[in-house]
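These notes concern the structure reproduced below.
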There are 4 protein chains.
Amino acid sequence: MPKIGMRDLRRAQLIDATLQSIDESGLSGTTLATVAQHAKISTGIVSHYFGGKDGLLEATMRHVLHDLWEATVRRRLAAKDEPRARLRAIVAANFDVSQVNAPVMKTWLAFWAESMHQPVLRRLQRVNTRRLHSNLCAEFEKVLPGAAARRAASGLAALIDGLWLRGALTGEPFDTKAALRVANDYIDLLLETRAKPRSGKSAK
Amino acid sequence: MPKIGMRDLRRAQLIDATLQSIDESGLSGTTLATVAQHAKISTGIVSHYFGGKDGLLEATMRHVLHDLWEATVRRRLAAKDEPRARLRAIVAANFDVSQVNAPVMKTWLAFWAESMHQPVLRRLQRVNTRRLHSNLCAEFEKVLPGAAARRAASGLAALIDGLWLRGALTGEPFDTKAALRVANDYIDLLLETRAKPRSGKSAK
Amino acid sequence: MPKIGMRDLRRAQLIDATLQSIDESGLSGTTLATVAQHAKISTGIVSHYFGGKDGLLEATMRHVLHDLWEATVRRRLAAKDEPRARLRAIVAANFDVSQVNAPVMKTWLAFWAESMHQPVLRRLQRVNTRRLHSNLCAEFEKVLPGAAARRAASGLAALIDGLWLRGALTGEPFDTKAALRVANDYIDLLLETRAKPRSGKSAK
Amino acid sequence: MPKIGMRDLRRAQLIDATLQSIDESGLSGTTLATVAQHAKISTGIVSHYFGGKDGLLEATMRHVLHDLWEATVRRRLAAKDEPRARLRAIVAANFDVSQVNAPVMKTWLAFWAESMHQPVLRRLQRVNTRRLHSNLCAEFEKVLPGAAARRAASGLAALIDGLWLRGALTGEPFDTKAALRVANDYIDLLLETRAKPRSGKSAK
DNA sequence: TATGAATGAGTGTTCATTCAT
DNA sequence: TATGAATGAACACTCATTCAT
């Protein structure tokens, strides 16, 4: 008798095993055999459920992205309906526990490298990059003129990713508090420019 | 008679071939054969000069890092001896043409992913991460109190890396001008805090 | 309560699915999964009814041979009780619709290749080869001396198989009419030798 | 130092190993490992020289076809310039020792089965089928009217293939003498029709 | 120094077969 | 009787590395 939901259970189990294996050995050191070993099932079943290794990485990344977006929605809903609070919520979502644990961070790094050469992954990556930017834009535009808002969004998006990146590369537990402080300070600085607009001659 | 410098010539030639191959196929798609093909030499010679594939990536990354540090030193020397100018010089070095071309950007991404699992690469990566931070710190400390300076350095380092990362991931030519503007604006904002220090209650 | 004849129904269904799958993908491209898919049943049931893939091919081939023999008997009974008519009937049976459709032709070709290495199939193939020869012999012996009759039977058997083979290999619908004409002409030529026996010095 | 002709030597060696392996285990039982074993070299080298298993079978079949065509040319040149002698030469070429040994016969059978589903092999097979027919046609047309010549060619081509096929399927050494006698007798019968043309109403 | 032929372990993937339900 | 999830051995193919020349 086929268990209802067996397919989803297995897929979740395999995605988890993939994250573990990438954590241990990196993507290049992750084989269907290591994934199967972590999941304590046979190798054949991995290809059976995901159609191959590529499908497995894609599914894993979709899972990670889903968690990120879910965290973003959740935190935004919980925040006061005000730009500063909303921006802080978005920032916090990017440093959510679902995003700053070792398996996920290593998977992100591998994903970026692969996305440069795999169309399917590239598409996922672009959607995510744009989503963060447009989320930030939406808030900044409430208080800043268009061009300045877009620049602010670019800056904050970059700062978020940069903080995340540098935190990930340490190899040590992510210092969420420090990252939040730097990012939130940046938000404050950007919002302050509202009052006394900058000269705009700063670009080299 | 072995030509003087033959070894260095070959190594430079192979490093260049490696960058090309990574540009074309990514690190996972790069084999000693593809590198040899790009360099128009035999496969055996690669292992001979670098001891293997790992040595090749390490050497390639050392080369890229060397270019970055060289650009940093050059631009700092050319800058006025003043924090703002020096900071701008450091920022510009990170967006130097030697760092924002496709082969190098893809190699950086691959390097980060690999550095999480290869001690040799990890060491390289740490040195670089710290070097940027301490360079920035040195300038900020001239005008900001210790803690604030370190925070500013962390922020600017993250922004630089984040701008670089988001630029690299587009897959299109890097928009240096836009990146410089965002980063330099951030410098200005950070330096302005000197006058009216922030309250420090911004962290969540 | 198991339905009476369920077993035979399933077997017929699976044999048909096997022929379809071989038609589509060849024997080497036919798996128990493709057979099950064509029969719209589960994979496990195939092994259950035939004990495995080998048993399936054997049963399929027995089915095809049964059709051939059945056609031979039917057409011989319908023919006048006279050597020429009987021989024509045997020829026609070998080009019966049950033998010259794409699924069956491709299965025959695969069967021949496999029969060289599988004792069970080899036995089937030998029985069939000999049956055709002895059927032809029986008729020729009514009008030709023993040695000549056997030689005539060998020739006609080979011509039948050769016409069938070349027709099968075209990949297009089998031209039964043309094959019949060539074979029947050969029968006529062979029977004419009765009057003016050949010299027998023709062999090299 | 690369030996001149190493490539051709290896290819010949591997083709021979393939024929041996097919003789032993059939095409379906032939793997790159069994071929490598027969050639006493490593498995990787097979794919290296032929690009894969498909390339290996194609090359092997090209080799067999080359032998057949070479035998045909050789024997035709040696024959008297007269239709009957030429036809006998063509027949004999098809039963040449290069074509009636066990490894080659089993390879032919496998080739036919595969050619139904592999375009590359199908093309080879068609060329060969047509070549025999047109070679025979060329001779028959010297002494028979067009339509009769083509029919004679079809008949003889089929008889040749049929004799070859039935001889191959026995699994015992090919009885070349018997095959030649039957085929040559058929040639004689066909050429005799020149004098007293047949009625043409023989087709069913 | 330089070659590239050769190796053989390792990879993703397929598939006949088994078995709990 | 029937299912299809699961197994695990087998496969073609890749590739870093070695080594005779």
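Note on naming: letters A, B, ... go to the chains in the order of the sequence lines (proteins, then strands), and numbering restarts at 1 for each one. Quick caveat: nothing in here was measured; it's all calculated off a predicted structure.
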Euclidean distance, atom [atom1] of residue [X] to atom [atom2] of [N] [Å, nearest integer]:
X	N	atom1	atom2	answer
Phe50(D)	dA12(F)	CZ	C1'	16 Å
Leu32(B)	dT3(E)	CG	P	14 Å
Lys40(D)	dT7(E)	NZ	C1'	18 Å
Leu57(A)	dG12(E)	CG	C1'	14 Å
Arg11(C)	dT1(F)	CZ	P	13 Å
Ile45(A)	dA6(F)	CD1	P	5 Å
Leu9(A)	dG4(F)	CG	P	18 Å
Leu56(D)	dC13(F)	CG	C1'	13 Å

Point to revise | Residue pair Leu27(A) / Thr107(A), side-chain heavy-atom distance below 4.5 Å | key: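 Side-chain contact under 4.5 Å: no.
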Check your understanding: Mind checking whether Leu57(A) and Thr18(A) have side chains closer than 4.5 Å, heavy atoms only?
Key ->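 When only atoms from C-beta onward are counted, Thr18(A) and Leu57(A) do not touch, as no gap falls below 4.5 Å.
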Review point. What nucleotide among dT17(E), dC11(F), dA6(F) has an atom nearest to a side-chain atom of Ser47(C)?
Key: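 Shortest atom-to-atom distance from the side chain points to dT17(E).
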Check your understanding: So which one's nearest nucleotide on DNA chain E is more toward 5', His48(C) or Thr43(B)?
Key ->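 On the 5' side of the pair lies Thr43(B).
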Check your understanding: When you match Ala33(A) and Asp54(C) each to their closest nucleotide on DNA chain E, which lands nearer the 5' end?
Key ->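 Its nearest nucleotide lies further toward 5', so the answer is Ala33(A).
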Check your understanding: Closest nucleotide of DNA chain F for Ser42(C) versus for Ile41(A): which of these residues is on the 5' side?
Key ->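 The residue whose closest nucleotide sits nearer the 5' end is Ser42(C).
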Practice item. Remember a base hit wins even if backbone is also touched, and classify Tyr49(A) as base, sugar-phosphate or nothing at under 4.0 Å, heavy atoms. Key: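 Here Tyr49(A) touches the backbone only, sparing every base.
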Review point. Which part of the nucleic acid, if any, lies within contact of Gly44(B), taking any heavy atom under 4.0 Å across all strands shown: a base, the sugar-phosphate backbone alone, or nothing?
Key: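 If one applies the 4.0 Å heavy-atom cut-off, Gly44(B) turns out to touch a base.
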Exercise for review: Tell me whether the OP1 or OP2 atom of dA6(E) has a side-chain N or O from Arg10(D) closer than 4.0 Å.
Suggested key: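 The answer is yes; a side-chain N or O of Arg10(D) sits under 4.0 Å from OP1 or OP2.
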Practice item. Using only side-chain N and O atoms of Arg7(A), determine if any of them is under 4.0 Å from OP1 or OP2 of dA5(F). Key: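 For Arg7(A), the contact criterion (side-chain N or O under 4.0 Å from OP1 or OP2 of dA5(F)) is not met.
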Exercise for review: Tell which nucleotide pairs with dT21(E), taking only Watson-Crick or G-U wobble pairs whose two distances are both under 3.5 angstrom.
Suggested key: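 The answer is dA2(F), by the H-bond criterion.
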Check your understanding: Around atom CD of Gln13(B), are there more than 12 heavy atoms of other residues, nucleotides or ligands at under 6.0 Å?
Key ->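 Atom CD in Gln13(B) is packed in, count exceeds 12.
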Point to revise | Under 3.5 Å side-chain donor-acceptor pair for Gln125(A) and Arg122(A) | key: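 On atom types as modelled, these side chains do not qualify, holding no pair under 3.5 Å.
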Check your understanding: Knowing that exactly one of Thr60(C), Thr30(C), Thr31(C) qualifies, which makes a side-chain hydrogen bond (donor to acceptor under 3.5 Å, both in side chains) with Ser21(C)?
Key ->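 By the side-chain hydrogen bond (donor to acceptor under 3.5 Å, both in side chains) criterion, Ser21(C) pairs with just one of Thr60(C), Thr30(C), Thr31(C): Thr30(C).
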